[in-house]
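Note sheet for the following structure.
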Amino acid sequence: MVDIILEVEKFLREFDYSFSSKLDTVFIGSEVTLLYLKENYLDKYTICFPDQSNPDSGYVSFLSPIGRQIMLRGINEPILLTTPNGEANVIIKDIEFKQYC
């Protein structure tokens with residue numbers, strides 16, 4: 001949790017107020033596009049709070065297995081994503097702020 005706080009503080013310090021929905025780091029409220037390398041398949045997840053989670057609609061909690069693994073990661077960062085269905089090599093292709101409430 002301390003890592004999340006430090007990253008948010010850094011983001012706010014460096015924020016230039018010329019708002020763009022594109023982000024460099026995955027935070028709560030981010031819509032993240034992952035490229036599954038083996039399948040060459042794109043999938044999107046919106047990182048949310050646990051009470052707003054709806055995996056069937058792509059809303060995953062930051063405390064979920066996927067959410068924990070992609071929080072604070074950056075664009076083009078490769079990740080070995082571990083899920084209940086196994087492991088997958090993915091790359092973060094896009095991060096965008098999404099107002100989901």
Side-chain angles (χ1 to χ4, degrees):
M1 188 60 95
V2 172
D3 291 340
I4 294 172
I5 293 168
L6 292 174
E7 282 296 318
V8 170
E9 287 176 344
K10 177 184 171 198
F11 173 78
L12 292 173
R13 272 194 311 275
E14 296 172 0
F15 188 70
D16 68 2
Y17 296 97
S18 60
F19 184 75
S20 167
S21 62
K22 297 292 184 182
L23 299 172
D24 294 326
T25 305
V26 176
F27 294 110
I28 296 169
S30 299
E31 181 179 69
V32 182
T33 303
L34 297 179
L35 171 62
Y36 287 78
L37 296 175
K38 185 176 180 182
E39 299 85 0
N40 196 32
Y41 170 75
L42 292 173
D43 204 1
K44 291 186 180 187
Y45 299 100
T46 298
I47 307 303
C48 62
F49 290 102
D51 64 329
Q52 297 163 326
S53 180
N54 184 346
D56 293 336
S57 296
Y59 291 87
V60 296
S61 166
F62 74 100
L63 298 175
S64 71
I66 291 175
R68 284 194 319 264
Q69 293 175 78
I70 63 176
M71 277 290 292
L72 305 180
R73 300 293 188 107
I75 293 287
N76 294 322
E77 187 168 342
I79 301 168
L80 178 60
L81 193 64
T82 303
T83 69
N85 296 329
E87 294 182 334
N89 287 302
V90 300
I91 293 179
I92 296 177
K93 297 306 289 179
D94 190 48
I95 306 168
E96 191 168 336
F97 177 75
K98 182 174 183 183
Q99 193 168 6
Y100 61 91
C101 298

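Computed from heavy atoms alone, side chains included, the values below leave out hydrogens, waters and symmetry copies. Throughout, numbering of the chain's residues begins at 1 and tracks the sequence.
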Hydrophobic cluster membership, [X] vs [Y], 4.5 Å side-chain cutoff:
X	Y	result
Val26	Leu42	no
Ile95	Phe97	yes
Leu63	Ile70	yes

| said: Which residue is it: Ile91, Leu37, Leu35? I am looking for the one with a side-chain contact (heavy atoms from CB on, under 4.5 Å) to Pro78. | reply: Ile91

| note | Result for side-chain contact (heavy atoms from CB on, under 4.5 Å) between Val90 and one of Asp43, Ile79, Leu80 points to Ile79

Please round to the nearest 0.5 Å and tell me the distance separating atom [atom1] of [X] and atom [atom2] of [Y].
X	Y	atom1	atom2	answer
Ser64	Gln69	OG	CD	8.5 Å
Ile92	Leu34	CD1	CG	6.0 Å
Asn89	Tyr36	CG	OH	11.0 Å
Thr46	Glu96	OG1	CD	10.0 Å
Ile28	Ser61	CD1	OG	8.0 Å
Glu31	Tyr59	CD	OH	7.5 Å

| task | May I ask you to test the Lys93-Ile75 pair for a side-chain heavy-atom distance under 4.5 Å? | result | no

| If you look at every heavy atom in Pro55 and Ser53, which pair is closest and at what distance? |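 Result for this residue pair: CD-OG, 3.7 Å.
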
| query | What are the two closest non-hydrogen atoms of Leu23 and Ser30, and how far apart are they? | reply |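 Minimum heavy-atom separation between Leu23 and Ser30: CD1-OG, 3.5 Å.
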
| message | Between Ile47 and Val60, does the side chain to side chain contact (heavy atoms under 4.5 Å, CB included) criterion hold? Intermediate values first, please. | response | CA-CA 5 Å; Ile47 307 303; Val60 296; 3.7 Å; yes

| task | Return the orientation label for the Phe49 and Phe62 ring planes: parallel under 30°, perpendicular over 60°, tilted otherwise. | result |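 Ring orientation, 0 to 90° scale: perpendicular.
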
